[in-house]
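Take a look at the structure set out below.
A note on names: the letters A, B, ... follow the listed sequences, proteins ahead of strands, and every chain is numbered from 1.
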Amino acid sequence: MIRSEQERVRLESLAQLRQLGIDPYPAAAYPVDTHAGPLSADFAADREVCLAGRILSRRIMGKASFAELQDATGKIQIYLNRDELCPDEDKTMYNTVFKKLLDRGDIVGVKGTTFTTQTGEPSVLVKELTVLSKSIRPLPSVKTDEDGKVHDAFTDPELRYRMRYVDLVVNPEVKRTFEARSRVIQAMRDAFTEKGWLEVDTPVLQAIPGGAAARPFITHHNALDIPLYLRIANELYLKRLIVGGFDGVFEFSRNFRNEGMDRTHNPEFTVLELYVAYQDYHWMMETIEQLLERVCQAVHGTNTATLEGNTIDFAPPYRRLSMRDAILEHAGVDIDGMDEAALRGACAELGIEVDDSMGKGKLIDEIFGEKCEHHLVQPTFITDYPVEMSPLTKAHRDKPGYTERFELFINGTEVANAYSELNDPIDQRERFEEQLKLGERGDDEAMFIDQDFLRALEFGMPPTSGVGIGVDRLVMMLTDQRSIQEVLFFPQMRPEVFRSGPDLDALEAMGVPSEWAPHVAAAGFDTPEAIREAKPTALREKLNGFRKKNKLDLPALQLEEVESWSA
RNA sequence: GACCCCCUAGCUCAGUUGGUUAGAGCAUCUCACUUUUAAUGAGAGGGUCCUGGGUUCGAGCCCCAGGGGGGUCACCA
């Protein structure tokens, strides 16, 4: 493994710590009794404290030094004075351990007394310093000046997402985003459990990937010798539980869709699904309004959030607009009563591209997506979707051709999708068969038919309202993030290729003379494996050929010598 | 999948028309410094210019192919 200069220095420091009898990775628990955030927020001098964290910066001035210690809650300055830290003759702990062998990024524990410096900075005078973990890679050197301006920020998205641990250490606002994410989920869970609804787990591995229209990831179960799919949705399982007699069930469901990735799509994403018996979609709109107000309060302490410069007001009630009226309002077209041909004509007039596989539902969705979505900045319920685009939704109680469905849009993005759930088993079977026809027309996202789900409906499902909320997108809205990657700790990336480079130390360890090692590597045998895999006779020939070609001032290799390497 | 942009030291970035030994700030190392805070002062080291080909007397720079990332679009209720 190739080490940079700074890494080699740190590895050397690590070795020297061990020589001094200091374990750089001690096993024992460290008795932390104070945290940096609360300590500096509510600072009082002359308190004995014990805290632990990562050294973020050091300012060494001879016999006294300052360092910033960062723990999970924040930062506090620590002050190390040679004679306070080492009251006896032996000044090793200060002169050698702290000044020479510790680095930015190392994790230490300190015991000492709080005080305020001459410049008014709350600090801890360190009486005892314990090495808790030695860091051998240098952290990016992010600095903040007195105006709060950040210099040399760690900003490369690739590095930030691949090394989220580094991102979290040096970019404190990233931590805030994920803390907000946790509060969003917690607020929802609290709201539902208070109502007596049951949090459940349903299968991620499914034989039939149902409940949504999307391309699934496929895998294989060896013992059963069958294909299995990672779920694209959990909807049909939660409805089975409503059939089984629960009044309310919810699940934070990690779903997987084998489709494109962009600012708002990650192959795996989280949806909160909630189903409540004996309710309809009107009730669900009120429930969602109240829920989002509560969630916004949990994150911001107010009913509003700022998003791309817009103030989003999460206080109920939200505007309710039927899909027909939305299209009428923004595209000037009345879709009511239009057949497929008329819709195609409308799309052509509006300059919307369509293809032959699209049925009525998809055509309407195209118009809506193209002409309406981006206008919906404040939270808006779009209601009453055409039956063709909603195969799991109950037909509208008094608008033929429409369904009792709504989607919630915020800032032009769909955040929630809810129905009065279709519980008529005959109708549901017909809807699935329609989907099958769409699939035959070339719509590769048409739904699969789930016979067991139909059987469950045939036993009788109470009238039910269900909703799915895109948790990742909601968190984006509440944290003013433009990319889903910013609200997922580990967004999907292409696997990183680790180029190991020639391992000269390993070559020498197996007996390759140090003067030969770089040349052996250059000749293409840059790892011990490469040497072991080669026949010694062929290896010797190649290396001596390399020696001749490059006029190396080294004696030719003997066969016994080459054989001894792989022995 | 298409198009555009990016990839140079640990980090953030310069790098002129293709021309000597590839630069800066921070970080690192050495020395000085007992209340600093982007500490300071002096000195030093550190590079697979993403990879592989090509053109050329000469490539970080031009050409071709590949890799990774970002953006826009397409796809995606």
Give the nucleotide from the list B:C33, B:G68, B:U12 with an atom nearest to the side chain of A:T155.
-> B:U12
Which sits closer to the 5' end of RNA chain B, A:P157 or A:H151, going by the nucleotide each is nearest to?
-> A:H151
B:U36 pairs with, by Watson-Crick or G-U criteria that keep both distances under 3.5 Å | none
As its Watson-Crick or G-U partner within any shown strand, both distances under 3.5 Å, B:G66 has B:C50
Are A:F409 and A:F368 an aromatic pair by the rule of ring centers under 6.0 Å?
-> yes
Consider the side chain of A:R59, meaning its heavy atoms from C-beta on, and name the nucleotide among B:U35, B:A74, B:U36 that approaches it most closely.
-> B:U36
Looking only at side chains, do A:E486 and A:Y161 share a donor and an acceptor under 3.5 Å apart?
-> yes
For nucleotides B:U16 and B:C7, find the distance between their P atoms and express it as a whole number of Å.
-> 12 Å
Distance test, side-chain N/O of A:K149 to OP1/OP2 of B:A38, below 4.0 Å = no
Cation-pi between A:R58 and A:F98: NZ/CZ under 6.0 Å from ring centre and within 45° of the ring axis?
-> yes
B:A39 C1' sits how many Å from A:E68 CD, rounded?
-> 12 Å
Flag the pair A:F115 / A:Y79 as yes when their ring centroid distance falls below 6.0 Å, and as no otherwise.
-> yes
B:A27 to B:U72 separation - P atoms, rounded to the nearest Å = 35 Å
Which part of the nucleic acid, if any, lies within contact of A:R137, taking any heavy atom under 4.0 Å across all strands shown: a base, the sugar-phosphate backbone alone, or nothing?
-> nothing
B:G1 -> Watson-Crick or G-U wobble partner, both distances under 3.5 Å, gives B:C73
